[in-house]
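Working notes for the structure below.
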Amino acid sequence: MPEGPSILILKEAVQQFKGKKVIKASCNNKTLDANILKGQTITDFKSWGKHFLICFPKFTVRIHMMMFGSYRINQHTEKPPRLNLQFEDGELNFYAVLLHLIEEPLNKVYDWQADIMSDKWDSKKAVKKMKAIPELLACDALMDQQIFSGVGNIIKNEVLFRIKVHPESVVSAMPPKKVKEMINEAIKYSYEFLEQRNAGTLNKHWKAYNQKICPRNHIPFRKENTGRSHRTSFYCEECMVKYE
DNA sequence: CCCGGTGTTACAAC
DNA sequence: GGTTGTAACACCGG
């Protein structure tokens, strides 16, 4: 479920509940007191990267799907939901998600210009943020939610392969044009991801993520844990340039 | 002793 | 057994 584009799909899917009043709510752990939601009207659904936001007049419920979060709309699974919201004419269930109550104004909490799928996205700001981190690696830059909010490990791998940049490249050693290309491809692929996920063809279009052979020159991909977070990168030593 | 940074571990579901 | 991801710790140096 969880990279940025999947959250947009979720946001789209729940629009029927916008403006609707929660008549009953429950949460099966202590991370959120669901009682406060009862009788509240949902003013909007928003997203910031991988964060899904249910907005109420005086607060917001933040939902993070982590790796295995799921949801059902007007349905439920056998397992008790982490969060259940009941409406006059439907219900919303979330499973294995992380919940958090935001009481501050969202504009204070979120830099909308850092959200790759927002129309407020600002490429120049991303360049600035990357320049401020010495020795920043390309794989870490893309995974940094303060810079590329919404990018996850799949998008990271696909972007780096498409622009032919080795994941452990030092961003400051990349030509400015290449850095711009990385940013542009992150946006472009994220929208492709969205289309392909909607079409049910996401993994058919993977060129690097989870792949064994480089489709450009047919030699085996390296599969290594890279960067500060040690997330898996699939890369080809022949066609992907390591800037350092 | 606290603070920020780093690194490890835990947890989620299938 | 591996992972579309963070959060919570422990630990360390200053």
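Excluded from the calculations below are hydrogen atoms, water molecules and symmetry mates; all remaining heavy atoms, backbone and side chain alike, are included.
The cluster map of Ile, Leu, Val, Met, Phe, Trp and Tyr, joined by side-chain heavy atoms under 4.5 Å apart, puts A:L160 and A:M143 in different clusters.
Within the 4.0 angstrom heavy-atom criterion, no nucleotide atom of any strand lies near A:S229. Residue contacts shown for A:R228 are limited to sugar-phosphate atoms, with no base heavy atom under 4.0 Å away. A:Y209 comes within 4.0 angstrom of the backbone, heavy atoms only, and of no base.
The only member of A:K207, A:R162, A:K204 that meets salt bridge (Lys or Arg N to Asp or Glu O under 4.0 Å) when paired with A:E192 is A:R162. For the ring-ring contact (aromatic ring centres under 6.0 Å, His included) with A:F161, the qualifying choice from A:Y235, A:F221, A:F234 is A:F221, the only one to do so.
Going from atom CZ of A:R82 over to atom P of C:dA7 covers 14 Å, rounded to whole Å. Counting to the nearest Å, the P atom of C:dA7 and the CE atom of A:M67 are 14 Å from each other. Taking atom CZ of A:R72 as the reference point, atom C1' of B:dA13 lies 12 Å away to the nearest angstrom. If you take CD of A:E192 and C1' of C:dT4, they are 17 Å apart, rounded to a whole angstrom.
Look at A:R231 and you won't find any side-chain N or O under 4.0 angstrom from OP1 or OP2 of C:dT3.
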**Item:** Bracket string, DNA chain B, 5' to 3' - pairs by Watson-Crick or G-U geometry under 3.5 Å, | interstrand
**Value:** .||||||||||.||

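Ion pair A:D44/A:K18 flagged as a salt bridge, since at least one NZ, NE, NH1 or NH2 atom sits closer than 4.0 Å to an Asp/Glu carboxylate oxygen. Ion pairing between a basic and an acidic side chain is recognised when a charged N comes within 4.0 Å of a carboxylate O; A:E237 and A:R222 show such pairing.
Inter-residue side-chain proximity for A:P5 and A:L8 is flagged as unmet; no heavy-atom pair is nearer than 4.5 Å. Inter-residue side-chain proximity for A:R231 and A:T226 is flagged as unmet; no heavy-atom pair is nearer than 4.5 Å.
A heavy atom closer than 4.0 Å to some atom of DNA chain C occurs in A:Q145, A:G152, A:N153, A:I154, these being the qualifying members of residues 141-160 of chain A.
Rounded to whole Å, the separation between the P atoms of C:dG2 and B:dT9 comes to 16 Å. Comparing the P positions of B:dA12 and C:dC9 gives a spacing of 15 Å, expressed to the nearest Å.
Note on residues 137-147 of chain A: no pairs pass side-chain hydrogen bond (donor to acceptor under 3.5 Å, both in side chains), not counting sequence neighbours.
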